[in-house]
Structures are given as structure tokens and as C-alpha cells.
J.: 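Sharing a structure with you now.
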Protein chains: 2
Amino acid sequence: MTLPSGFMDEFTRATKLVRALADAGLRKHGLHLGQNLVLAALAREDGRTPGELAATLNVTTPTITKMATRMAAAGLLTRRRDDRDNRLVRLWLTDAARELCQPVEEQRRALSESLLAGLDDEDRARLIDLLRRVSENAGRLHDGPVDHE
Amino acid sequence: MTLPSGFMDEFTRATKLVRALADAGLRKHGLHLGQNLVLAALAREDGRTPGELAATLNVTTPTITKMATRMAAAGLLTRRRDDRDNRLVRLWLTDAARELCQPVEEQRRALSESLLAGLDDEDRARLIDLLRRVSENAGRLHDGPVDHE
DNA sequence: GGCTAATCATTGCCCGGCTAACGTTCTTTT
DNA sequence: AAAAGAACGTTAGCCGGGCAATGATTAGCC
């Protein structure tokens, strides 16, 4: 009974702090938090559609389109409609964006390392495993409860 | 080398899922995500100022004032200026809000339990401890790097 | 006492997330 | 072939987060 709902408290606290740090780190490269994800996804496979990106990033399509608009304005990507299916829009990274990938990834790795400072390999593996199990539980709750009321 | 930056990935994934579930849960009580925190803080001590709330919730003051505006519109709290110091604004929960406290807290506890399903007490304690250590690392990084460049 | 400083809250604008409504463009069906 | 349907992306509007600038009020220092 020493932890009534201590998990939620500690979790939200951690997310806020980590989020702030990630944002600060990205900002140094002229990126905003979240654009990181689009960058990485497109780096792995260029020319994806907003819908595809949204699915792989676990966000909604409107989130992607708005981010794409800002990133296009920032010269990070270009929009082009698909030739065969004119409903589709394909997003392509610019050279400028592609040059950001590596430093951003490095910065991300460094942040991860800093956050895990003091944890040995066993602790890290355990933390990741526990987070994964929480996510799995969350995923189950997502689909399951279509709701009684 | 099996986890290049697996922590960040798994962490952001977990935060998104947990956030979504918490939001859905709150929504059933007519609350929005985040108002929960204001509610709990005011329940513990009513009549606090936006600045105080912001400090305890680790959020900026504008975030609180905007949330206060919405919550006031929703009939959850009332604004009143301090008599002695007219700069200060004090926020007071309405009876309606106070009646939400317990069910919301219960719902929060239930969510926590669901998320931790399958984890024994030892795992839970470990997870919370690991999160705390991550937060501590993050906190240190927050103050420390006043930045070299 | 009066002028300057510091302290609050608020407002405005940005980013990221959501849902809902809309307009286009294929696909299917008939 | 034409009409109904499905699949996409975009827009609009909300909430929660941030920062910067404004305005009001108090505290401090002449």
C-alpha cells in the first residue's frame, strides 16, 4: 500500500521531463518535437503517403498533414501527388532534411544514454521490457473495451 | 547492440498509449486530460493561485490560466481575486467538481491496475523505481546544460 | 510620498494531438 | 455508362503544452 497509484504519477512525471529534453535537443537542429518521427520514417522509406505515415507512427492523418505543411514550409520535404492514384499524396525528404537524419539520430541516442545513466545493462533491459508489457496491456485495453455504457 | 535506442522508442510508444487511455477514461466523467491534475491539486488544497498550481504541476502558468478558463466555463471552478493582493487570482472548486474527485481517482487507480496487469509486486516496484531514476537523470539534465553553444 | 522594480495573471502565437465534416478521386455496382 | 460507395487528404475547431510580450498591482528604494 506504499504505492496507491504511484505508477501513474511517476510515469506522467517522467514523460513530461523526457519530452521537454527531447524537444530542446531537436530544437538545436531546427526541428520541432515530432517532426523527428516523420523524418526517421521517411528516411527509412521515402515517398510514403500521409496515411501510411500516420499508421506507422500511431497518430491520425490530420496530424501528419499539418506537420507536413510546416515541414514543407521549412524546406524539409516536398509534397507530390501520386500519378496513378490521384487521391494519394507522397512525401519526399529534401536533401537538407536527409542531412539532418544522422545528427538527429545521434542526439537522440545521446539523450537516451543520458536518461539511462546509472542503470546497468540488466536494468535497462528490464525497464524496456516492463514498458513493453505496459504498452501491450494498453493496446489490449484499446481494442477490448468497446464500452458498456 | 540489440537495443540501439530502444528505450526512447518504447517509451514514446507507451506514453502515447497511456495518454490515450487516460484521456478516454477522463472523458467519461466529462473531464479533459490534464484537468485531472488541476482537480486533484485543488482537492488537496483549495484556493490556490495559477502560479502555485503551475509550479506543483510542473507546467507553465499560461497553461493553467487557459485550463482554468475552460474549467470555469464547464462549471468546475470559480475564479476570485485575492483581497489582500489584487494581483493574485485564487481558484476554487465547485461542488460539482468536488463530486468528481473520488470517481475520477478510482478510475485512475483502475487504469493503473490494468496497465500493470501481469506484473507482480516486485516488477511494479522495479518499474516505478526505474522511472524515478530516469526522471532524476532528466531533472539533472534540465538544470545542468545551460549550454555551451 | 513618488518613482522604479519585481510579481502575477492574461493574451497571442506556435506545435502536436484528437474528432468531425468536407471535397476529390477512384471502385463497385447496377 | 452512370450512379452509388469507399478511400484519401485537407480543413476547421478543440485541448494541452510551450514561449514571449502586455498589463495590472504590489513592494522597495530613494
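If you're wondering where the values come from, they're calculated on a predicted model, not measured in any experiment. Because only heavy atoms are used, hydrogens play no part in the values below, and waters and symmetry mates are left out as well, while side chains stay in.
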J.: List in numerical order all residues of residues 34-54 of chain A for which some heavy atom is under 4.0 Å away from an atom belonging to DNA chain D.
T.: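 Per residue number, the list reads T49(A), P50(A), G51(A).
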
J.: Using only side-chain N and O atoms of R70(B), determine if any of them is under 4.0 Å from OP1 or OP2 of dG16(D).
T.: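 Yes.
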
J.: Heavy-atom nearest nucleotide on DNA chain D for R19(A) versus V89(A): which residue maps closer to 5'?
T.: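 It is V89(A) whose nearest nucleotide is closer to the 5' end.
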
J.: Which parts of nucleotides 23-28 of chain D does protein reach within less than 4.0 Å, heavy atoms only, written one letter per nucleotide 5' to 3' as B for base, S for sugar-phosphate only and - for none?
T.: --BS--

J.: Look only at the side chain of R132(A) and the backbone of E10(B), and say whether a donor-acceptor pair between them is shorter than 3.5 Å.
T.: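 No, R132(A) side chain to E10(B) backbone: no donor-acceptor pair under 3.5 Å.
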
J.: Which ILVMFWY residues can you reach from L93(B) by hopping between side chains whose heavy atoms are under 4.5 Å apart?
T.: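 Joined to L93(B), directly or through intermediates: L26(B), L31(B), L37(B), V38(B), L39(B), L42(B), L53(B), L57(B), V59(B), I64(B), M67(B), M71(B), L76(B), L77(B), V89(B), L91(B), L100(B), V104(B).
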
J.: Among the clusters formed by ILVMFWY side chains lying less than 4.5 Å apart, do L130(A) and I128(A) turn up in the same one?
T.: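 The answer is yes; both residues are in one hydrophobic cluster.
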
J.: Check for a donor-acceptor pair, side chain of R48(A) on one end and backbone N or O of A41(A) on the other, with a separation under 3.5 Å.
T.: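 At least one qualifying donor-acceptor pair exists.
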
J.: Run the side-chain contact (heavy atoms from CB on, under 4.5 Å) check on Q107(A) and H29(A) step by step: do they pass?
T.: CA-CA 9 Å; Q107(A) 196 270 334; H29(A) 298 278; 3.9 Å; yes

J.: Between residues 55-67 of chain A and DNA chain D, which residues have a heavy-atom gap below 4.0 Å?
T.: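 T61(A), P62(A), T65(A), K66(A), in order of number.
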
J.: Within 90° of 0 counts as syn, otherwise anti: where does dA21(C) fall?
T.: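 Here dA21(C) takes the anti form, which means its glycosidic angle is more than 90° from 0.
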
J.: Which salt bridge (charged side-chain N to carboxylate O under 4.0 Å, His left out) pairs, counting each pair once, include a residue from residues 89-100 of chain A, with sequence neighbours left out?
T.: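 Those involving residues 89-100 of chain A are D46(A)-R98(A), D82(A)-R90(A), D95(A)-R98(A).
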
J.: Please list all pairs passing the salt bridge (charged side-chain N to carboxylate O under 4.0 Å, His left out) test where one or both residues lie in residues 52-72 of chain A, with sequence neighbours left out.
T.: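 Found none.
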
J.: Could you state the NZ-P distance from K16(B) to dC18(C), rounded to the nearest angstrom?
T.: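 Taking NZ of K16(B) and P of dC18(C), I get 8 Å after rounding.
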
J.: For D129(B), is there an ion pair with R126(B) - N to carboxylate O distance below 4.0 angstrom?
T.: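 Salt bridge: no.
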
